[in-house]
Amino acid sequence: MARILITSAIPYINGIKHLGNLVGSQLPADLFARYQRGRGNEVMFLCATDEHGTPAELAAAKAGKPVADYCAEMHEVQADIARRFGLSFDHFGRSSSPQNHALTQHFAGQLAEHGLIREVVEQQMYSRADGRFLPDRYIEGTCPNCGFESARGDQCDNCTKQLDPTDLINPHSTISGSTDLELRETKHLYLRQSAMKDKLEAWIDSKTDWPVLTTSIAKKWLNDGDGLQDRGITRDLDWGIPVKKGAEDWPGMEGKVFYVWFDAPIEYIACAKEWADAKGLDDSAWQRWWRTDKGADDVRYVEFMGKDNVPFHTLGFPATLMGSGEPWKLVDYIKSFNYLNYDGGQFSTSRGRGVFMDQALEILPADYWRWWLLSHAPESSDAEFTWDNFQVSVNKDLADVLGNFVSRITKFCRSKFGEAVPEGGAYGSQEEALLADLTARVRAYEGCMEAMEVRKASQELRAIWVAGNEYLQSAAPWSTFKTDPETAAMQVRLGLNLIRLYAVLSAPFIPFTSARLAEAMGIPDLGWPDDVAAALTALPAGHGFSVPDVLFAKISDEDREDWQSRFAGIRS
RNA sequence: GCCUCGGUAGCUCAGCGGUUAGAGCUGACCGCUCAUAACGGUUAGGUCGCAGGUUCGAAUCCUGCCCGAGGCACCA
């Protein structure tokens, strides 16, 4: 039995995520986790909320709540939505957990001990009105190069020139609008990534099976300009993990916290400890997933993320793990995704444009979204959500091909043989051909799922559903029944078994529907069909079943038009 | 500006050096009538972004250009 460790990029705490965020990491990670569990492998699937940083502090202030309370509430909101989408995390943790505090401080201490931390005194913009240091992007002013009035402190959006906040004319805080800014001296810790450049590069070079999208970004950072640069890992903020050297205080760093991108990936590990603690297990339970000296040497670790997250997962986080000098498990495969756009543009939280996870579940069950999103996952390039496409895909694939198949076979059986699997008859050439076809298709489906080729896997699954309709059409039990009821019984028995097979195979994509099918067929045990022919005899003659309600109601034109205008957002 | 990825039928995509460029959806036609007016079959539809080049042969390799997206280091 293989052991698979799976992490999804951890969603930021600030607000409810949209469908693009969902399909970019959590949903495909869930697909993979469910598939691997279905195959009988041991899976640890981890995700969490990413709770630190300036945006969390600002969102909390806007909501008029203490940051800790705000994050606790938003964590529950996100956890609830994730549950309702069927995201099957073994644990959904928090980067603000005590476990992550301790582990992040531990890593910083280890890195310092190995001479990989240096202290840097630097000048940074401070806003007296806001009472905080401002990240470059929170400062706007007039561009000295082109005169654009809303240039940001790091770059002018108009002429694209790279800027320093001190370059700006009439700089002001984008938080308060205050112009009362000054340069202040502050001390920060830098992770000496430059010292680990060769080690990181050798490691990246060994990953020959990774997508180009992933390795090219890493190599750019490694080799561009002067090569890999050191990275600041602390900030002057109130909310975060206090800077400490392991359990010891860090002289001169009082009142400072670790930078969110330093502690967020460490939460992948801390999350496993949260899981163990919540279950009352000791440290060996989570260490066997993360420490190669404590049982993790046979673990395959796969990370899922959007392409914007790649640098931190290919360089920053591995640098932290390698630099610790301890035998932590490094990622084996990174599956990265492009972006999902919404109807000709980007999803936009501020404009209310596009569908957000909570809204999606208000209008349709999770499986509709899961199916569409996964079968249109932005793997090779950016993808686009349109209501037309959504309506047509869902109606055709789910309602017509799968839903109607289940309906026609169960209802036919009920009317001719009753609500139990009929007995009698033996396979003929049509059935043998179907078994051969299905066996080949199931093996192809497994191949796609192992390779995490999400779209192709969805196409294979759909083809497996279609094979059922083709069989019914050619076998025509409604016609056979008139002259040869025994053969019709065999055909129907096979059809009912196909439903069970579909429940098993479809579970990674549409888990809620699979569960309904399994219940209707009266078979709670959904073992993976390693032997397809055998799997199609799992429901024996005489086994009772029930006719399920309509699996997928079709989306009407009225619904589509209604939703299209409802989620269009404010035109600008 | 630099780097990377993408631009293939009306739509969503596959193919990435070798027979007449494929699939699903949409359209047209036929069949079936068990079923959510569902299903099955047939068929139509493309100078493979543009211009050059390499090759016996290019959607597939190279060069340039156009269009879209991302990255370019402290925004998560």
Side-chain angles (χ1 to χ4, degrees), chain A residues 9-14 50 52-56 124 135-138 152-155 159-162 188 190-191 193 211-221 223-225 228-235 259-262 264 306-312 315-316 336 338-339 341 346 372 375-376 378-384 386 388-389 392-393 395-416 453 455-456 458-459 462-463 466 468-481 488 491-492 495 547 549-554:
Chain A
I10 65 178
Y12 200 67
I13 192 70
N14 186 2
D50 177 14
H52 297 136
T54 309
Q124 225 174 51
D136 292 355
R137 296 221 170 168
Y138 286 89
R152 296 199 292 198
D154 55 340
Q155 186 180 47
C159 67
T160 74
K161 187 180 167 60
Q162 304 273 336
H188 283 298
Y190 274 66
L191 174 60
Q193 298 185 137
V212 189
L213 178 68
T214 304
T215 50
S216 66
I217 292 174
K219 295 205 168 192
K220 178 77 193 316
W221 282 51
N223 297 312
D224 198 41
L228 189 62
Q229 301 297 298
D230 295 344
R231 196 168 182 101
I233 58 164
T234 56
R235 290 291 182 273
Y259 174 44
V260 56
W261 261 115
F262 183 68
K307 55 186 166 184
D308 55 330
N309 272 324
V310 167
F312 305 100
L315 301 169
S336 58
N338 290 281
Y339 291 148
N341 290 319
Q346 295 187 333
W372 190 89
S375 62
H376 294 79
E379 289 180 295
S380 59
S381 63
D382 289 353
E384 177 157 312
T386 64
D388 268 359
N389 187 305
V392 168
S393 296
N395 285 353
K396 192 72 189 172
D397 299 347
L398 297 181
D400 296 347
V401 175
L402 177 61
N404 183 56
F405 173 79
V406 171
S407 184
R408 65 196 294 206
I409 191 73
T410 52
K411 286 181 180 170
F412 180 76
C413 184
R414 181 173 61 185
S415 74
K416 304 299 184 195
E453 295 192 78
R455 279 188 186 224
K456 282 189 184 172
S458 77
Q459 287 166 15
R462 195 194 122 100
V466 167
N469 281 311
E470 286 171 357
Y471 170 72
L472 272 196
Q473 192 63 33
S474 62
W478 49 90
S479 169
T480 320
F481 184 76
Q491 292 167 335
V492 168
V547 175
D549 292 334
V550 168
L551 289 183
F552 298 99
K554 290 206 191 193

Contact class for A:D230 (heavy atom, under 4.0 Å): base, sugar-phosphate, or nothing? base
Expressed in whole Å, how much space separates the C1' atoms belonging to B:G18 and B:G57? 7 Å
Taking the same atom, C1', in B:U12 and in B:U8, what whole-Å distance lies between them? 12 Å
Using the six-membered ring for Trp and the full ring for Phe, Tyr or His, decide whether A:W478 stacks on the six-membered base ring of B:C34 (centres under 5.5 Å, planes under 30°). yes
Using a 4.0 Å heavy-atom cut-off across all strands, classify A:V466 as base, sugar-phosphate, or nothing. sugar-phosphate
Can you find a side-chain donor-acceptor pair between A:N338 and A:K307 that sits under 3.5 Å? yes
With heavy atoms under 4.0 Å as the rule, sort A:N341 into base, sugar-phosphate or nothing. nothing
Nearest-Å distance for atom pair NZ/C1', residues A:K307 and B:G71: 9 Å
Let's see if you can work this out: which of B:U36, B:C34, B:C75 has an atom nearest to the side-chain heavy atoms of A:P135? B:C75
In Watson-Crick or G-U wobble terms, with both distances under 3.5 Å, the base opposite B:A21 is none
Distance between P atoms of B:G53 and B:A14 (Å, rounded): 30 Å
Regarding A:F405, tell me which of base, sugar-phosphate or nothing describes its non-hydrogen contacts under 4.0 Å with the strands shown. nothing
Rounding to an integer number of Å, can you tell me how far A:E470 CD sits from B:G24 P? 10 Å
Round to the nearest Å and state the distance from A:R414 atom CZ to B:A35 atom C1'. 11 Å
Please confirm whether the shortest side-chain N or O distance from A:K396 to OP1 or OP2 of B:A38 is below 4.0 Å. no
Using whole Å, report how far CG of A:D397 lies from P of B:C11. 19 Å
A:N389 vs A:H376, test: side-chain contact (heavy atoms from CB on, under 4.5 Å). Steps then yes/no. CA-CA 10 Å; A:N389 187 305; A:H376 294 79; 3.3 Å; yes
For A:R231 and for A:S479, locate the closest nucleotide of RNA chain B by heavy-atom distance; then report the residue assigned to the nucleotide nearer the 5' terminus. A:S479
Over all heavy atoms of both residues, which pair between A:E384 and A:W372 is shortest? Give the atoms and the distance, please. O-CH2, 3.6 Å
Whole angstrom value for the distance that separates P of B:G68 from CG of A:D382: 13 Å
Residue matched to B:G46 through Watson-Crick or wobble contacts both under 3.5 angstrom: none
Could you check A:Y339 against A:D308 for side-chain contact (heavy atoms from CB on, under 4.5 Å), going step by step and ending with a plain yes or no? CA-CA 9 Å; A:Y339 291 148; A:D308 55 330; 3.0 Å; yes
Pair partner, B:C39 [Watson-Crick or wobble, under 3.5 Å]: B:G31
Restricting to non-hydrogen atoms, name the atom on A:L315 and the atom on A:W221 that form the minimum distance, rounded to 0.1 Å. CD1-CB, 3.3 Å
The side chain of A:R455 is closest to which nucleotide in this list: B:A76, B:A38, B:C13? B:C13
At under 4.0 Å between heavy atoms, what does A:I233 touch on the DNA or RNA strands: base, sugar-phosphate, or nothing? nothing
Between B:U12, B:U36, B:A73, which one does the side chain of A:H376 approach most closely? B:U12
N/O donor-acceptor pair, side chain A:W221 with base B:A73, under 3.5 angstrom: no
Heavy-atom nearest nucleotide on RNA chain B taken for A:V392 and for A:N389; more 5' hit belongs to A:N389
Please state the C1' separation for the pair B:C29 and B:G22 - nearest whole angstrom. 22 Å
Whole-Å distance, A:Q473 CD to B:C30 P, equals 16 Å
Minimum heavy-atom distance A:Q193-A:L228, with the two atoms named: O-CD2, 3.5 Å
Searching all strands shown, indicate the nucleotide that pairs with B:C2 (Watson-Crick or G-U wobble; both distances under 3.5 Å). B:G71
C1' gap between B:G46 and B:C11, integer Å: 14 Å
Per A:S407 side chain, nearest of listed nucleotides B:G71, B:A76, B:U36: B:U36
Measuring from the side chain of A:N404 (C-beta onward, heavy atoms only), which nucleotide among B:G40, B:C74, B:A38 has the closest atom? B:A38
Phosphate-side-chain proximity, A:K416 and B:A35, N/O vs OP1/OP2 below 4.0 Å: no
For B:C32 versus B:G41, give the span between their P atoms, rounded off to a whole number of Å. 15 Å
If B:A51 has a Watson-Crick or G-U wobble mate with both distances under 3.5 Å, name it; if not, just say none. B:U63
Here the distance between atom C1' of B:C74 and atom OH of A:Y190, to the nearest Å, is 7 Å
How far, in whole Å, is B:U42 from B:C66 if one measures between their P atoms? 45 Å
Given B:C75, B:U36, B:C13, identify the nucleotide with an atom nearest to the side chain of A:Q459. B:C13
CG of A:N395 versus C1' of B:U26: gap in Å, rounded? 13 Å
For a quick check of understanding: with a heavy-atom distance under 4.0 Å over all strands, which category does A:Y339 fall into, base, sugar-phosphate or nothing? sugar-phosphate
Between B:G31 and B:A38 - C1' atom distance, rounded Å: 15 Å
For A:V310 against A:S336, the heavy-atom pair lying closest together: CG2-CB, 3.9 Å
side-chain contact (heavy atoms from CB on, under 4.5 Å), that's the test. Do A:R235 and A:F262 meet it? Break it down for me. CA-CA 11 Å; A:R235 290 291 182 273; A:F262 183 68; over 6 Å; no
Under 3.5 Å on both distances, the Watson-Crick or G-U partner of B:A58: none
Looking at A:Y12 and A:H52, would you say the former's side chain and the latter's main chain have a donor-acceptor pair under 3.5 Å? yes
Phosphate-side-chain proximity, A:R408 and B:U33, N/O vs OP1/OP2 below 4.0 Å: no
Sort out the partner of B:C16 for me: Watson-Crick or G-U wobble, both distances under 3.5 Å, none otherwise. none
Return the nearest nucleotide to the side chain of A:D400; candidates are B:A69, B:A73, B:C39. B:C39
Closest nucleotide among B:C75, B:A73, B:A14 to the A:K456 side chain: B:A14
